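What follows is a single structure, written as structure tokens, with notes after it.
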Amino acid sequence: MIRELAILARHGHQSVKDLRTQPVSPLFRGRPVIAEGITTRDIREAAAVCPVSAINNDSGAIDLGRCLFCGECSFLKPGAIKFTNDYRIAVNDRGGLIVKPGADARIRLDETKVRKEIRELFRGSLKLRQVSAGGDNSCEMELGASGNVNFDMGRFGIEFVASPRHADGIVITGPFTANMAEALRLTYDAVPFPKIIVLAGTDAISGGIFNGSPALDRSFLNNHPVDLYVPGNPAHPLTFINGLMDLLGIR
Amino acid sequence: MDQPSHFKLKNNYPAGGVREIPISGYDDFYSFVTDGLKDEARHCLAYYGIKTQDSLKLYCFLADDPSGNIEVAAYETGTLNPVLRSAADLFPQLSVFEREINENFGVVFEGHPWMKGVRFPHNRRDKSKTMENYPFYGIESEELHEVGVGPVHAGVIEPGHFRFICNGEKVLHLEIQLGYQHRGTEDLFLSKNTPLQRCILAESIAGDTAVGHSLAHTQLIESLTGLEPGEALQIERCVALEMERIAVHIGDTAALCGDVAYQLGQVVCEAIRTRVINTTQLWCGNRFGKGLIRSGGSNFPLSEETAAEIIKMTDFVDRQFSGITECIYSSPSVLARFEDIGTVTGTQARQIGAVGIAARTCGMARDVRKTHPFQYFRNFAVNPAILETGDVLARGMIRKLEVRESLRIIRELLEVWAGKDKDTGKPDYSYKLKPGAFSVSVVEGWRGEIVHSCETDAKGNLVHYKVKDPSVHNWMALALAVRSQEISDFPVCNKSFNLSYCGHDL
Ligand code: SF4
């Protein structure tokens with residue numbers, strides 16, 4: 001007993017106090033800032049190195065729905081492309097993930113597009129069912145970590161549940177494998193209305209490095225609107241929780 | 001004089017020429033494999049087929065532990081519809097490889113005990129076989145019932161299907177069907193062909209083993225290009241690999257505690273793991289080490305300050321983890337759930353070719369860091385822990401022992417590192433691969449041995465890329481572990497192995 005108490009004492013308070021402002025280590029790559037005056041040549045060279053064509057060859061904008069946050073473009077062009085620590089990069093509008101040269105403001109949800117019932121019904125309690133469709137297990141582990149002693153999203157009534165029948169929505173990870181297409185559809189259909197869809201991780205949003213593989217089937221997205229896009233490789237727990245807080249209207 | 005039946009090479013040494021692998025007739029190929037495996041110090045690292053126009057080439061790699069040699073033999077079928085004698089009836093460890101060759105190319109292996117699909121890949125030979133119409137093994141009986149679990153599981157984990165046949169609460173048989181995670185990864189190594197794309201693919205094979213898989217890939221590329229990592233870089237890679245090992249082992253300990261409702265163990269271990277992966281993030285900006293391992297150099301050469309933080313982290317882990325594991329493994333309520341549960345015998349482990357912690361908890365001294373060393377482990381002795389009982393308790397305990405050993409490795413390696421030239425260099429993304437060559441690269445990841453191998457054509461383009469995650473062997477260990485157990489013990493058995501779905505499905 002004394003031994004256990006000593007461990008508890010050393011364990012101390014582990015939970016992150018303010019999930020909005022918690023600092024992360026300097027090298028963490030969140031929202032990029034692209035220099036306003038980035039040259040056409042720098043754009044071309046950065047775009048050529050990008051493994052997933054996330055950089056627009058003409059405008060120089062970076063699509064965070066494709067970006068794997070490998071940092072290579074910024075290593076090549078340190079004067080023109082920088083990755084900030086800002087992990088609040090989840091949006092509800094796919095277009096919101098495009099970061100243009102010169103833009104250095106926080107990425108925000110499009111408030112006009114948040115469905116009314118989401119805030120009315122889920123603000124105090126949001127139960128989610130996770131479906132991995134080819135996820136590499138790093139995103140899954142970060143989603144798991146979102147509920148652990150450190151990040152503790154349970155403080156907002158947000159948690160993962162075992163059955164889709166108990167859930168208010170699904171969180172999809174992975175590039176959407178064809179072999180999971182049927183199970184994904186069944187799981188989504190089993191969630192009662194109204195329900196939300198969250199895509200966690202770049203693989204889910206665009207296929208990531210697996211984009212174009214014949215082993216994928218992304219047709220689910222053709223007729224299912226997405227409520228939240230959470231970029232990252234994997235999506236950081238702080239990105240995920242902040243995104244949900246924004247969606248639910250929690251300050 | 002007899003032609004040599006096989007070619008010998010070492011892990012991660014300069015690549016061999018494809019022509020140097022002698023092509024035998026099937027009888028010789030078969031005896032190479034079956035005679036070789038009679039010696040228990042050998043096991044099959046990889047066995048796969050490469051399709052040419054109107055023929056198939058089969059390659060089999062055996063690892064000989066005492067000599068540190070890897071032996072490879074080849075057989076050319078001369079037809080696309082060969083019928084061959086199975087060797088899996090004698091050596092069950094070959095079963096999964098023959099199944100894979102059958103699934104991909106339609107090779108018939110006569111005498112194979114159970115020719116079922118491995119992962120239903122998009123380019124499988126027989127497209128009429130699907131995940132949905134797969135006929136599970138069944139037993140006709142009034143007394144027995146079946147329980148199907150998955151592909152979507154209760155927790156936040158990857159998908160796979162478990163089909164139990166039970167007599168009351170007791171499990172008679174578990175069939176594990178995977179493939180849901182298949183992303184076509186091996187083919188993508190050929191179609192996404194910039195060096196950076198390949199590195200990123202490798203670290204996405206299994207995100208919980210980003211360092212292990214990307215290191216296996218990087219070594220393979222380096223052996224095919226002549227890029228030589230300097231000693232400081234080799235040490236940094238080993239440190240990263242050991243940090244990955246301790247992070248996952250501690251996370252698994254948390255999960256095991258969670259399964260048996262020992263909350264103190266769960267939350268304390270979760271917090272320790274957070275500290276470890278945040279230190280990885282401090283080093284390279286990513287909690288899983290994505291971006292850290294690159295061919296030819298590093299974007300994140302270790303600094304004195306980061307090295308000091310890593311040392312501080314090891315002190316913290318040492319103190320906290322040894323304290324909490326003492327509590328965990330002396331608590332009667334925990335021990336009652338771990339001891340004699342989910343036992344795999346030494347004989348079973350040897351038969352199925354278990355690797356990594358699944359092997360080392362069954363008395364097998366199988367650790368690539370020691371037997372086929374790579375990177376700085378060629379100059380640095382690792383002392384793998386070996387346990388005998390093969391139960392959940394052993395698979396929990398070995399994590400504790402391996403964390404302790406990895407902490408020692410990290411500290412001592414960083415001391416050596418301090419005295420080295422910091423000659424890391426930038427990654428090389430313009431390399432050319434040797435033409436007409438093949439190579440094999442093996443790394444001891446936290447689950448066990450990871451094998452990557454590839455072959456190039458006359459122009460130096462990759463024509464084949466093969467990945468083997470340790471889970472390929474160890475899933476069978478889980479199926480055996482739950483036999484005659486209560487079905488309610490399945491979750492704790494499953495956690496005690498923590499196998500990869502995506503690493504298996506590719
Ligand atoms: S950080 Fe993103 S945009 Fe830059 S190269 Fe990597 S994937 Fe492309």
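Here the structure is a predicted model, which is why all the values come from computation and not from measurement. Order of the sequence lines fixes the chain letters, A, B, ..., with proteins taken first and strands second; residue numbering starts at 1 for each chain.
- A:Gln130 places no side-chain N or O within 3.5 Å of a backbone atom of B:Gly155 that could act as its donor or acceptor partner.
- For the pair B:Phe288 and A:Glu142, the minimum side-chain heavy-atom distance is below 4.5 Å.
- For the atom pair B:Lys426 NZ and A:Leu76 CG, the distance stands at 11.0 Å (nearest 0.5 Å).
- The shortest side-chain heavy-atom distance between B:Val152 and A:Arg129 falls under the 4.5 Å cut-off.
- Proximity of A:Glu140 to B:Ile157: side-chain heavy atoms (C-beta onward) are nowhere separated by under 4.5 Å.
- The contact between A:Phe151 and chain B is made entirely by side chain atoms (from C-beta outward), counting heavy-atom distances below 4.5 Å.
- With a 4.5 angstrom heavy-atom cutoff, B:Cys199 does not touch chain A via any of its atoms.
- To the nearest 0.5 Å, atoms CG (A:Asn150) and OG1 (B:Thr274) are separated by 3.5 Å.
- For chain A, no part of B:Ser331 is nearby; none of its heavy atoms comes within less than 4.5 Å.
- Of the two parts of B:Leu188, only the side chain, counted from C-beta on, holds a non-hydrogen atom closer than 4.5 Å to a non-hydrogen atom of chain A.
- Using a distance-only test at 3.5 Å, with no hydrogens or angles considered, no donor-acceptor pair links the side chain of A:Arg3 to the main chain of B:Ile324.
- No side-chain heavy atom of B:Val268 sits under 4.5 Å from any side-chain heavy atom of A:Arg10.
- Distance CZ/B:Arg119 to OG1/A:Thr177: 13.5 Å, rounded to 0.5 Å.
- Within the 4.5 angstrom heavy-atom criterion, atoms from both the backbone and the side chain of B:Ser204 approach chain A.
- Heavy atoms of B:Glu132 lying under 4.5 Å from chain A belong exclusively to its side chain.
- Listed for the B:Asn299 side chain is no donor-acceptor partner under 3.5 Å among the backbone atoms of A:Phe75.
- Counting heavy-atom pairs closer than 4.5 Å to chain A, the top-ranked of the candidates B:Arg287, B:Gln320, B:Met131, B:Glu270 is B:Arg287.
- Contact of B:Phe300 with chain A is made through the side chain alone, with heavy-atom distances under 4.5 Å.
- Atom SG of A:Cys70 sits about 5.5 Å away from atom CG of B:Leu196, to the nearest 0.5 Å.
- Distance check: A:Met180 CE to B:Asp505 CG gives 10.5 Å after rounding to the nearest 0.5 Å.
- In the displayed structure, B:Lys129 atom NZ is contacted under 6.0 Å by at most 12 heavy atoms of other residues, nucleotides or ligands.
- A donor-acceptor pair under 3.5 Å is formed between the side chain of B:Asn286 and the backbone N or O of A:Asn233.
- At least one donor-acceptor pair under 3.5 Å links the side chain of B:Lys192 to the backbone N or O of A:Asn211.
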